[in-house]
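Beneath this line is the structure, given in structure tokens, with notes to follow.
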Amino acid sequence: MENANMIHHFLSADRRIRTLASHLSDHSSTMASDNPTSTLSPSPTAGSYVGSASVFSAIAQAPEDSILGVTVAFNKDPSPVKVNLGVGAYRTEEGKPLVLNVVRKAEQLLVNDPSRVKEYLPITGLADFNNLSARLIFGAGSLAIQENRVATVQCLSGTGSLRVGSEFLARNYHEKVIYIPQPTWGNHPKVFTISGLVVKYYRYYDPGTRGLNFHGLLEDLSSAPQGAIVLLHACAHNPTGVDPTLEQWEQIRQLMRSKGLLPFFDSAYQGFASGSLDADAQSVRLFVADGGECLAAQSYAKNMGLYGERVGALSIVCKSSDVAVRVESQLKLVIRPMYSNPPIHGASIVATILKNSEMYHEWTIELKAMADRIISMRKQLFDALLQRGTPGDWSHIIKQIGMFTFTGLNSDQVTFMAKEFHIYMTADGRISMAGLSSRTIPHLADAIHAAVTGIN
Ligand code: KET
């Protein structure tokens with residue numbers, strides 16, 4: 001800025017401040033005349049805020065989240081060889097986050113469409129998105145959809161869908177107990193408890209066989225009270241990577257229906273387990289096909305790579321269309337005071353892709369490529385441990401399904417691997433296979449070998 005210009009700039013700024021000050025003093029003098037005792041200058045006896053203790057000083061430091069806290073620790077590590085296998089987020093062979101091509105395309109279409117506006121969505125979200133999401137999970141030919149028995153609302157990704165669904169149940173359903181698998185995604189008990197439900201566990205995983213404890217599962221669900229809610233992972237169980245077979249699902253269905261237990265599906269990985277959207281929805285469709293009721297929380301975080309866009313849907317399948325209408329009206333009462341209505345951008349991306357057959361096809365190919373890369377990481381890690389002669393049976397690495405391997409490493413071994421090898425995972429020994437690449441596998445195999453042979 002030239003000198004003359006600068007002087008002018010400061011003078012006019014000075015003038016503005018003086019005008020503002022005179023406005024303020026006019027205003028305060030009016031106020032003072034209204035109330036002769038009031039004054040703007042602090043009284044000498046009034047306590048000073050500067051230096052006094054915070055009103056929040058008694059607040060305790062909360063622990064980091066057991067999953068997202070791993071990323072916090074990872075970010076603090078300056079090592080160039082560090083690897084984050086904590087949070088379930090897909091990475092490319094180069095270790096980079098991936099935005100799907102089809103998502104980029106959909107975004108271009110949206111940005112270039114001048115008719116698009118940023119108005120509020122309805123409380124229930126984008127109607128197209130809701131219809132297409134229900135079709136994606138229940139199948140295009142679903143009788144429940146044709147009979148208008150499904151109430152679907154757009155929510156804030158999988159977590160928000162679980163949260164809205166469970167608060168709806170806490171307010172409107174007679175049974176407050178929800179059975180969740182042992183173990184399960186660490187956020188489940190927190191979401192359900194805060195919504196007003198009472199959390200109980202059913203046996204799910206057998207550490208001895210590293211497989212399903214099917215007997216324990218059936219026993220625990222048999223002794224659950226009539227009408228209790230049961231949380232089921234639709235596919236790619238997190239953290240174990242162990243799913244029931246289709247025959248086992250059928251047995252679970254028969255038992256649950258005979259006891260009037262209410263299924264609440266968490267579908268965070270549709271398409272990620274097998275690479276097929278239909279195959280990964282079979283468990284849900286089995287339950288819907290019998291005409292009974294259920295809830296399903298869907299997330300597009302993983303299968304469309306829309307993590308930060310927070311796109312998901314909650315569907316409640318009802319016995320009749322008039323019940324579905326009333327259910328939807330109650331869902332609106334849950335959502336409105338919570339966040340009013342959901343964001344428009346992510347849901348528009350999903351709707352654009354799902355309603356265009358070419359883009360939908362492109363999505364399925366990109367999704368399959370992600371699932372296949374994860375499966376190939378399983379094979380490579382298994383081979384690398386065999387090669388090193390690492391003690392133990394590691395076949396569960398190739399048997400488990402989905403984004404994670406539940407390694408069986410204990411928390412001391414996990415701590416050791418972070419400290420000595422800069423490899424980060426959750427304390428229960430879960431690793432995100434999607435965070436691995438051919439480049440990082442030898443390093444991980446070395447770390448596991450050292451942990452297993454050195455730390456008990
Ligand atoms: N359900 C399950 C089973 C699940 O693993 C996740 C996320 C979610 C729901 C919620 O995802 P959302 O982003 O709200 O659509 N799991 C991974 C991320 C996280 O913990 O937030 C994870 O387990 O690493």
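Just follow the structure's listing: the first ligand is 1, and inside any ligand the first atom is 1. The basis for the numbers below is simple: all heavy atoms, side chains too, and nothing from hydrogens, waters or symmetry mates.
Salt bridge Glu147/Arg149: present, at least one basic N to carboxylate O contact under 4.0 Å. Using a 4.0 Å cut-off between a side-chain N of Lys or Arg and a carboxylate O of Asp or Glu, Asp278 and Arg285 qualify as a salt bridge.
Between Phe74 and Tyr424, the two ring planes are perpendicular [angle over 60°; tilted spans 30° to 60°]. A perpendicular orientation is assigned to the rings of Phe265 and Phe287, their planes being inclined by more than 60° (bins at 30° and 60°).
Using a distance-only test at 3.5 Å, with no hydrogens or angles considered, no donor-acceptor pair links the side chain of His345 to the main chain of Glu309.
Ser161 meets the side-chain hydrogen bond (donor to acceptor under 3.5 Å, both in side chains) test with no other residue; sequence neighbours excluded.
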Contacts table for ligand 1: protein N or O within a distance under 3.5 Å of ligand N or O, distances only.
| unit_1 | atom_1 | unit_2 | atom_2 | d |
| --- | --- | --- | --- | --- |
| ligand 1 | 1 (N) | Asp266 | OD1 | 3.3 |
| ligand 1 | 1 (N) | Asp266 | OD2 | 2.6 |
| ligand 1 | 5 (O) | Asn238 | ND2 | 2.6 |
| ligand 1 | 5 (O) | Tyr269 | OH | 2.7 |
| ligand 1 | 13 (O) | Arg310 | NH1 | 2.9 |
| ligand 1 | 14 (O) | Gly158 | N | 3.4 |
| ligand 1 | 14 (O) | Thr159 | N | 2.9 |
| ligand 1 | 14 (O) | Thr159 | OG1 | 2.5 |
| ligand 1 | 14 (O) | Arg310 | NH2 | 2.8 |
| ligand 1 | 15 (O) | Ser157 | OG | 2.5 |
| ligand 1 | 15 (O) | Gly158 | N | 2.8 |
| ligand 1 | 15 (O) | Ser299 | OG | 2.6 |
| ligand 1 | 16 (N) | Trp185 | NE1 | 3.3 |
| ligand 1 | 16 (N) | Lys302 | NZ | 3.2 |
| ligand 1 | 20 (O) | Trp185 | NE1 | 2.9 |
| ligand 1 | 23 (O) | Trp185 | NE1 | 3.3 |
| ligand 1 | 23 (O) | Asn238 | ND2 | 3.0 |
| ligand 1 | 23 (O) | Arg430 | NH1 | 2.9 |
| ligand 1 | 23 (O) | Arg430 | NH2 | 3.4 |
| ligand 1 | 24 (O) | Gly88 | N | 2.8 |
| ligand 1 | 24 (O) | Arg430 | NH2 | 2.9 |

